[in-house]
Amino acid sequence: MYLLIPAAGSGRRMGSHRNKLLLQVRSRPIIAWTLLAAQASDQISWIGIISQPHDWQDFKEIIADLQLTKPVELIKGGSTRQESVYNGLLSLPANAEQVLIHDGARCLATPDLLNRCAEAICHCLGLIAAVPVKDTIKVVDGNGIIQSTPERSQLWAAQTPQGFDVKLLKECHSEGIAQGWEVTDDAALFEKCGYQVQIVQGEETNLKVTTPQDLAIAEFILKTRFEQK
């Protein structure tokens, strides 16, 4: 299975002036934990890191330090996540039929989650890892007034990996460019083009490291995992 890792995130909300994936959690860069999960996954055979060229030297050093045995390719990112993923799709080997896309900042995803998503995408056209929403969600207008309360049992929080048929996802991205659609994940493009996206049970610990608080939580979760081994 082919894995694309969008890794061009800035550190603005983290209070950093560099790519947040280069920040350390438990003595390793954030991106290193993502790569180690991919390395340990039985299903992943190829890894593409989508990032800006000014970070490539740092990523090359991390890859060398981890001594990964799977091929890793560095792919030039775009000005948005959407554009970056499209660049990644165009850089996949010609024989790639399915792909998983996993945010580099979700460094706590386990090899088991990657395996389950890789196996599931062989039996559907599109999927996302997700977990049921625990909180009651309110739809609020511009004045801060609640407009509605959706039924919680139908709400799921989207995560990554997200998996797709490569040919169809390329077509969806092309349509998105033609229509000027701006979306926050690839599943939204798939949905806009009329394709069904299946849910794969995600992991509660599969958080996206965005703020200093997230970094502290990630540190705690990794510490707990190592103590349990």
Side-chain angles (χ1 to χ4, degrees), residues 1-41 44-93 96 99-109 111 113-114 117 128-129 158-164 166 169-170 173 176-177 182-189 206-212 214-215 218:
M1 181 60 62
Y2 298 89
L3 176 68
L4 289 174
I5 303 176
S10 70
R12 179 173 51 84
R13 281 183 286 179
M14 191 69 75
S16 172
H17 298 293
R18 63 193 303 218
N19 188 325
K20 67 182 178 185
L21 300 188
L22 298 174
L23 299 177
Q24 300 262 321
V25 57
R26 198 168 172 84
S27 303
R28 288 189 187 275
I30 291 172
I31 186 67
W33 295 105
T34 311
L35 291 171
L36 286 171
Q39 171 70 21
S41 165
I44 303 301
S45 59
W46 181 96
I47 302 165
I49 301 176
I50 312 166
S51 60
Q52 301 304 334
H54 57 72
D55 288 328
W56 284 2
Q57 185 56 43
D58 288 313
F59 284 139
K60 286 177 181 177
E61 292 173 6
I62 292 167
I63 292 165
D65 181 62
L66 295 177
Q67 298 181 323
L68 303 180
T69 59
K70 298 177 181 180
V72 182
E73 183 172 330
L74 295 174
I75 301 164
K76 187 177 184 298
S79 57
T80 64
R81 183 189 187 282
Q82 193 171 331
E83 187 179 321
S84 291
V85 171
Y86 189 50
N87 289 353
L89 292 172
L90 297 178
S91 300
L92 287 170
V99 65
L100 293 185
I101 301 166
H102 182 63
D103 290 340
R106 290 190 184 272
C107 62
L108 300 172
L113 178 59
L114 294 173
C117 289
I128 68 169
Q159 300 181 342
T160 65
Q162 300 190 354
F164 303 93
V166 170
L169 188 58
K170 284 181 179 178
H173 270 271
I177 293 169
E182 294 183 9
V183 297
T184 54
D185 71 357
D186 298 279
L189 276 178
N206 183 23
L207 63 86
K208 188 173 183 179
V209 178
T210 303
T211 66
D214 297 331
L215 205 59

* **Stepwise side chain to side chain contact (heavy atoms under 4.5 Å, CB included) test for R28 and L36** => CA-CA 11 Å; R28 288 189 187 275; L36 286 171; 3.9 Å; yes
* **Minimal non-hydrogen separation, W33 against V25, with atom names** => NE1-O, 2.8 Å
* Structure fact -> A109 and A37 have their tightest heavy-atom pair at O-CB, 3.4 Å
* Asked: Out of L66, T69, I47, which one pairs with Q39 under the side chain to side chain contact (heavy atoms under 4.5 Å, CB included) rule?
  -> T69
* Could you give the distance from CD (E73) to CG (L4), rounded to the nearest 0.5 Å? -> 9.5 Å
* Asked: Heavy-atom distance under 4.5 Å between the side chains of H173 and L169, does that happen here?
  -> yes
* pair D214-K208: side-chain heavy atoms closer than 4.5 Å -> no
* N87 side chain to S84 side chain, donor-acceptor N/O pair below 3.5 angstrom -> no
* **Rounded distance [0.5 Å steps], CG in L90 versus CD1 in I75** => 9.5 Å
* **Heavy-atom check, side chain of K70 versus side chain of L68, under 4.5 Å** => no
* Passing candidate, side chain to side chain contact (heavy atoms under 4.5 Å, CB included) with I30, options N19, L22, I62, L21 -> L21
* Asked: Can you name the nearest heavy-atom pair linking A187 to I128, along with the distance?
  -> CB-CG2, 3.6 Å
* At their closest point, which heavy atom of G163 faces which heavy atom of L100, and how far apart are they? -> CA-CD2, 3.7 Å
* To do: Side-chain contact test, heavy atoms from C-beta onward, threshold under 4.5 Å: evaluate it for Y86 versus I177 and give yes or no.
  => yes
* **Atom pair CD1/NZ of I49 and K60 - distance to nearest 0.5 Å** => 11.5 Å
* To do: Please step through side chain to side chain contact (heavy atoms under 4.5 Å, CB included) for the pair I31 and I5, ending with a clear verdict.
  => CA-CA 9 Å; I31 186 67; I5 303 176; 4.0 Å; yes
* **pair V209-K20: side-chain heavy atoms closer than 4.5 Å** => no
* Asked: Can you find a side-chain donor-acceptor pair between Q162 and D186 that sits under 3.5 Å?
  -> no
* Structure fact -> In short, L114 meets P161 closest at the heavy-atom pair CD2-CG, 3.4 Å
* Identify the two heavy atoms, one from A8 and one from Q52, that lie closest to each other, and give their separation to 0.1 Å. => CB-NE2, 4.1 Å
* Structure fact -> Distance col, row L92:CG vs L3:CG, nearest 0.5 angstrom, shows 10.0 Å
* To do: Start with the C-alpha distance between I101 and T160, add both sets of side-chain angles, then the distance that settles side chain to side chain contact (heavy atoms under 4.5 Å, CB included), and finish with yes or no.
  => CA-CA 7 Å; I101 301 166; T160 65; 5.9 Å; no
* Should R81 and D103 be marked as a side chain to side chain contact (heavy atoms under 4.5 Å, CB included) after you check the CA-CA gap, both sets of side-chain angles, and the distance that decides it? -> CA-CA 10 Å; R81 183 189 187 282; D103 290 340; 2.8 Å; yes
* Hey, could you give me the CG/CZ distance between L189 and F164, rounded to the nearest 0.5 Å? => 8.5 Å
* Gap between atom SG of C107 and atom CG of N206 - 0.5 Å precision -> 9.0 Å
